[in-house]
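Note that ligands are numbered from 1 as they come in the structure, with each ligand's atoms numbered from 1 the same way. The model shown is predicted, which means the values in this text are computed figures rather than measured ones.
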Amino acid sequence: MIGVGVIGYGYWGPNLVRNFAEVPGARVAVVSDLRAPRLAEVQRRYPGVKTTADPGELINDPSVDAVVVATPVSTHFALAMGALRAGKHVLVEKPIAAAAEQAQRLIEEADARGKVLMVDHTFLYTGAVRKIHDLVHGPDFGDIYYYDSVRVNLGLFQHDVNVLWDLAVHDLSILDHVLPARPRAVSATGMRHVLGQPENIAYLTLFFDGRLIAHLHVNWLAPVKIRRTLIGGSKQMIVYDDLEPSEKIKVYDKGVTLNESNGGVYQLLVGYRAGDMYAPQVDTTEALRTELTHFVECIEGGRRPLSDGPSGLRIVQVLEAAARSIADRGRLVEIEQVRGSQ
Ligand SMILES: NC(=O)c1ccc[n+]([C@@H]2O[C@H](COP(=O)([O-])OP(=O)(O)OC[C@H]3O[C@@H](n4cnc5c(N)ncnc54)[C@H](O)[C@@H]3O)[C@@H](O)[C@H]2O)c1
């Protein structure tokens, strides 16, 4: 039985604790939070779980084999590094760290110690994204042309990171998993509308080799919640609406064809193809349940997780490039390919 320690019982931590309680082969041994009322809540819901205001005490507790870091982004590195150095496996919330250099050091530490380092890229474990992966890599989709997403709502402002580091991480992790190519450069713009707070709205364009393009629109200051992505292929197109209760994915057999007119190749006519639409069945198991089961299996079997340290690093590299671009009003910024990110 793997003993789990969860650091951070704010908004997201309770989801991790609740799901670990359901995962075979694991049990939550200790929860840490700096705020006493949050620890009182843990004691009320889970009387058998130890609580402490000191994350160091959790990390060094002999009943803890794996540490989960669910605190603000600026604290991820120090807590995850402390846990790895204490010989623990680590699952860290997204994004893995506040800087690529920190992510790289976590990867090296985990590798040197033979410990599992996983990042919570939750969407990779949803039935919808697993279905999209299969569709895009299947025989009927054709070449991928674009990924175009809107992820907006009246959201919780994070104080230590801007909206890209909070919401765009989800799309970047989906892109990293689903697309066959890595982005080469980004252009980003964003704006702050609340005094003293980071950018609350941002637009990020990712450029790849060839004709693939991706655009992400994220906003914490929208009156309605939208979670909608269009993925265009040369033969099919996908609409992914994460707020749809049952038909989250719709596959459209639509596209264009180029037909030669009588004038030959110099006069190509665009023809439109509109076939059927279908909504494939997707697995509705809670993503965190699937993900935490995978984490436990990786620890037990010495395997590398799907959302491993290098995938976390690749996303932080894109976010850092986007931050430089925002500071320069959308200037095109190349993404560095750092050692350890492949
Ligand atoms: N995977 C997802 O879909 C998802 C969703 C929401 C948040 N998150 C991530 O989860 C993390 C936490 O976000 P949140 O919205 O829960 O934040 P939050 O502010 O609601 O909760 C963070 C908690 O951590 C505690 N904390 C801070 N520093 C600590 C320390 N050093 N030791 C112990 N406790 C400490 C705080 O007291 C607070 O209760 C962030 O990295 C965020 O990006 C992920």
Side-chain angles (χ1 to χ4, degrees), residues 4-20 28 30-43 45 49-61 64 67-83 86 88 90-99 102-103 106 118-126 128-129 151 153-174 176-177 197-198 218 220 225 227 242-243 286-292 294-295 305-307 311-312 315-316 319:
V4 176
V6 178
I7 307 178
Y9 197 77
Y11 163 67
W12 196 244
N15 294 324
L16 293 157
V17 173
R18 174 175 54 79
N19 274 282
F20 265 121
V28 179
V30 189
V31 172
S32 174
D33 200 291
L34 300 178
R35 296 184 289 165
R38 299 309 295 151
L39 295 181
E41 182 62 16
V42 176
Q43 282 154 6
R45 284 195 204 169
V49 172
K50 268 192 266 179
T51 57
T52 171
D54 176 7
E57 189 184 325
L58 176 149
I59 286 170
N60 291 307
D61 191 307
V64 170
V67 172
V68 180
V69 179
T71 52
V73 182
S74 53
T75 65
H76 287 182
F77 172 72
L79 292 169
M81 186 56 102
K88 310 294 162 105
V90 170
L91 169 62
V92 58
E93 263 314 318
K94 58 80 186 167
I96 188 168
Q102 294 178 344
L106 292 178
M118 177 160 153
V119 52
D120 179 10
H121 291 159
T122 320
F123 276 86
L124 304 198
Y125 302 91
T126 60
V129 171
R151 192 177 290 276
N153 56 287
L154 199 57
L156 288 171
F157 273 66
Q158 303 275 329
H159 304 290
D160 56 345
V161 289
N162 73 18
V163 68
L164 283 174
W165 289 72
D166 181 35
L167 294 183
V169 177
H170 294 307
D171 292 294
L172 293 174
S173 66
I174 295 170
D176 186 75
H177 176 58
Q197 296 294 321
V218 287
W220 281 326
K225 183 167 181 173
R227 297 283 186 268
D242 198 45
L243 300 185
E286 186 174 351
L288 267 186
R289 175 87 188 261
T290 306
E291 176 173 357
L292 302 186
H294 177 60
F295 179 56
L306 177 65
S307 48
S311 70
I315 280 143
V316 173
L319 292 169

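Taking only non-hydrogen atoms, the option from Tyr125, Trp165, Phe123, Trp12 nearest to atom 4 (C) of ligand 1 is Trp12. One option in Ala36, Ala70, Pro14, Ala97 has a heavy atom closer to atom 22 (C) of ligand 1 than any other, and that option is Ala70. Checking Arg35, Lys94, Arg38, Gln158 against atom 43 (O) of ligand 1, the nearest heavy atom belongs to Lys94. Nearest to atom 37 (O) of ligand 1 by heavy atom, out of Asp33, Asp160, Leu34, Leu16, is Asp33. When the heavy atoms of His76, His170, Glu93 are ranked by distance to atom 44 (C) of ligand 1, first place goes to Glu93.
For Thr122, every heavy-atom contact with ligand 1 shorter than 4.0 Å involves the side chain, none the backbone. Using a 4.0 Å cut-off between heavy atoms, Ile7 contacts ligand 1 through its side chain alone, with no backbone atom that close.
Two residues are said to be in side-chain contact when any heavy atoms from C-beta on lie closer than 4.5 Å; Gln158 and Pro72 fail this criterion.
Considering backbone and side-chain N/O of Asp166, none are found under 3.5 Å from N/O of ligand 1. In terms of N/O distances under 3.5 Å, ligand 1 is not approached by Thr75.
In terms of modelled atom types and a separation under 3.5 Å, the side chain of His76 and the main chain of Thr71 share a donor-acceptor contact.
Residue-ligand proximity: His121 is placed with every non-hydrogen atom at 4.0 Å or more from ligand 1.
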